[in-house]
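Just so we're on the same page: letters track the sequence lines, and every chain starts at 1.
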There are 2 protein chains.
Amino acid sequence: MAKTSERSQRGGHAGVSIEDVAAAAGVSTATVSRAVRGLPRVSAATREKILKIAGDLGYVASSSASGLATGRTRTVGVLAPYVDRWFFFKAIEGVDRELHANGYNLSLFNLGGQSGSRERLFSKTMVYKQIDALLVLCMSLTPEEVEDLQRIDIPLVVVGGPVEACPSIGINDFAASVEATEHLLKLGHRRIALLHGQDDSDLNFAVPRLRVDGFMKAMKDAGCTLPPEWDVFGNFTVSSGQAGFDELWSKPGPKPTALFCASDEMAIGAMLQARRRGVRVPEELSVIGIDNHEFSEAMGLTTIAQSPLEQGQLGTRMLLEELAGTSGSVRSVTAGHHLIVRETTAPPAADPPAA
Amino acid sequence: MAKTSERSQRGGHAGVSIEDVAAAAGVSTATVSRAVRGLPRVSAATREKILKIAGDLGYVASSSASGLATGRTRTVGVLAPYVDRWFFFKAIEGVDRELHANGYNLSLFNLGGQSGSRERLFSKTMVYKQIDALLVLCMSLTPEEVEDLQRIDIPLVVVGGPVEACPSIGINDFAASVEATEHLLKLGHRRIALLHGQDDSDLNFAVPRLRVDGFMKAMKDAGCTLPPEWDVFGNFTVSSGQAGFDELWSKPGPKPTALFCASDEMAIGAMLQARRRGVRVPEELSVIGIDNHEFSEAMGLTTIAQSPLEQGQLGTRMLLEELAGTSGSVRSVTAGHHLIVRETTAPPAADPPAA
DNA sequence: CTGAAAGCGCTAACAT
DNA sequence: ATGTTAGCGCTTTCAG
């Protein structure tokens, strides 16, 4: 008590504790605790008085103290391989929105595409005993990592693609690719090139593969084949899309009439480069992507839209429900996607040179 | 002790406390604490033994407990008005990198451009007693907010622009705009339009104004004037850049030969729309932006480059030094910027119609 | 409806 | 070099 008032005197209200409030209100700390947390068993009158005093004093409970007492930090971790890529920052926005709306904090762990940083997650201290739940953004987890996570035993969900043995939220990437490819096919294209997404980092993931599989499936069903020279690789970035286009056009032989890109960012890079090289889109080359990136509308890019923001929100909501006690809330769900036809796809030019 | 072993037995190693380690190693908790934190006054032998046992047991200190004991959370807050805009996610990446490299956590507070959310920051609980320092990303703070922050008395720095009474890091936006404008002027342009950045939200900030001021200054010094109809507004988004171009071109009267945009995102929108409307860039219209957004290189956009990532890193480093005890570490510093000439600026077409 | 008291797990003097 | 002993500020039975 002596100590308390001492501190109050010198420190201004920069450290008011529950005891200060209790003393000022002439009640016990237990009552203050109940009052400020809106728990029952406090008379309306006392609660009001306590709340007023707490407000005047600028009291805020110490998260460390209540965390220690309750065993919960009220923060959920978000593990992201990147933070500067569309899917990721959009998802983060969704997660943040849901979290803060519910009085939770968001602790961000960004791997920044660096292999080495990978260890950070499980380097004990980082994730363990610091968060109540973990949301993983579109990256693969090794079996050991999954096992570690399960041992830690906190709710976990991955957003953006499937991970073995983990509940996840994401679109059906295979179906999305099939639809995109079929759009091209229906337009009359037969000579379709593929700008393959492939992760350059160690954060490999199923999504790139699924997108390619869907493309292949649709092609096969339509009786089309993909010449090896029309199968180029990118790493989901704009510049890799540019490089992909150049690679395609620098090869001798006939050119495709359409290009399927495993992501909008690559599609944008490709069409920008096409434009620069004097290849007209869509007259000479139709281009389609997947994602509906922020810039896609402005670019007039035909694509398959998905909403990482909503996926992030949904994943967070499930985590929160689980934490609220509804076990079984976290489960895998398939998010929606839909084709948006814009200006970069059109029927192939009449009578293209034979393949 | 009875309790401890009970828990160890049933819970697996999902809750090993410092006592468990101490017991297993036959030392006191104080020694374990010193050992795991790498503090001196522990013999090499004991330290080694303790570390091994801690590792085997999967011990990780509870952040709440040590937070309570030390008064520090080892977490720094990042307040961002947006997370889905280039400057912001790049800066966040820089902050994250620096923070995690030093064993600190990053707590993200995103206002998501919503006015209402604004209250979140100072709604007590959120920021107070939860973080050791705060890094604000490019948004204004009201005098009351600044005052609140000072009362809380944690290191604070803003990245991305000046804020009254707060140390901040950012480029000299005025000078950057002058340089961009002078680039246009040197090319021979006299008829230059302005795509003004103006915040649509309540998160007003000095940056948009500084960029306009710089433009005006350079124009004035060159003896050029800006006809009111060539002064259009945008809100820093691509679509507002598109709208801005349309507004410019829909007005009767002569057209400008160049367009100064207060940000790359708007510049990109404008040039995309120009292309769509059949106005050739740079032949008929030179376009310049500011930022050097990720897409700018691919778009061939001439711009003034800056590095939010480095600014975020620097700001974080200062905060960390301050926390490490070097008071005075946090101070305002001007970050660098430089002109990058690409393909969207060229001399005006010969003999343009008189204004 | 309210209070007393026992921790939550760790750190930090202060001994030894 | 290591152990003892108080707390850090809050929550939570359990009494009253």
For A:V27, which contact category applies under a 4.0 Å heavy-atom criterion: base, sugar-phosphate, or nothing?
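Sugar-phosphate only.
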Is any side-chain heavy atom of [Y] closer than 4.5 Å to one of [X]?
{"X": "B:E164", "Y": "B:V146", "result": "no"}
{"X": "B:F109", "Y": "A:N105", "result": "yes"}
{"X": "A:V136", "Y": "A:V163", "result": "no"}
{"X": "A:L156", "Y": "A:V330", "result": "no"}

Option from A:I131, A:T73, A:L99 for which side chain to side chain contact (heavy atoms under 4.5 Å, CB included) with A:Y104 holds:
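It is A:L99, the one option of A:I131, A:T73, A:L99 that forms the side chain to side chain contact (heavy atoms under 4.5 Å, CB included) with A:Y104.
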Does a side-chain N or O from [X] land closer than 4.0 Å to OP1 or OP2 of [N], or not?
{"X": "A:T70", "N": "D:dT11", "answer": "no"}
{"X": "A:S28", "N": "C:dG3", "answer": "yes"}
{"X": "B:T29", "N": "C:dC10", "answer": "no"}

Need to verify one output field. Residue with the more 5' nearest nucleotide on DNA chain D, B:R34 or B:A65?
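The 5'-side residue here is B:R34.
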If each of B:A30 and B:L68 is mapped to the nucleotide of DNA chain D with the nearest heavy atom, which maps nearer the 5' terminus, i.e. the 5' end?
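Nearer the 5' end of the strand: B:A30.
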Neighbours of DNA chain D within residues 35-52 of chain A, by heavy-atom distance under 4.0 Å:
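A:R37, A:R41 - these, ordered by number, are the residues of the stretch whose heavy atoms sit under 4.0 Å from the strand.
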Tell me, which pairs form a side chain to side chain donor-acceptor pair (under 3.5 Å) where one or both residues lie in residues 308-322 of chain A, sequence neighbours left out?
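Found A:E98-A:R317, A:Q306-A:Q311.
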Just how large is the angle between the end axes of the helix from C:dC1-D:dG16 to C:dT16-D:dA1, five pairs per end, to 10 degrees?
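Computed angle between terminal axes is 30°.
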How many Å lie between CG on B:D20 and P on C:dG9, as a whole number?
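These atoms are roughly 9 Å apart.
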For atom CD of B:Q150, is the number of surrounding heavy atoms from other residues, nucleotides or ligands below 6.0 Å larger than 12?
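Counting other residues, nucleotides and ligands, CD of B:Q150 exceeds 12 neighbours.
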Would you sort out whether A:R97 and A:E93 count as a salt bridge (Lys or Arg N to Asp or Glu O under 4.0 Å), showing the intermediate values?
CA-CA 6 Å; A:R97 205 176 278 184; A:E93 176 154 5; 3.2 Å; yes
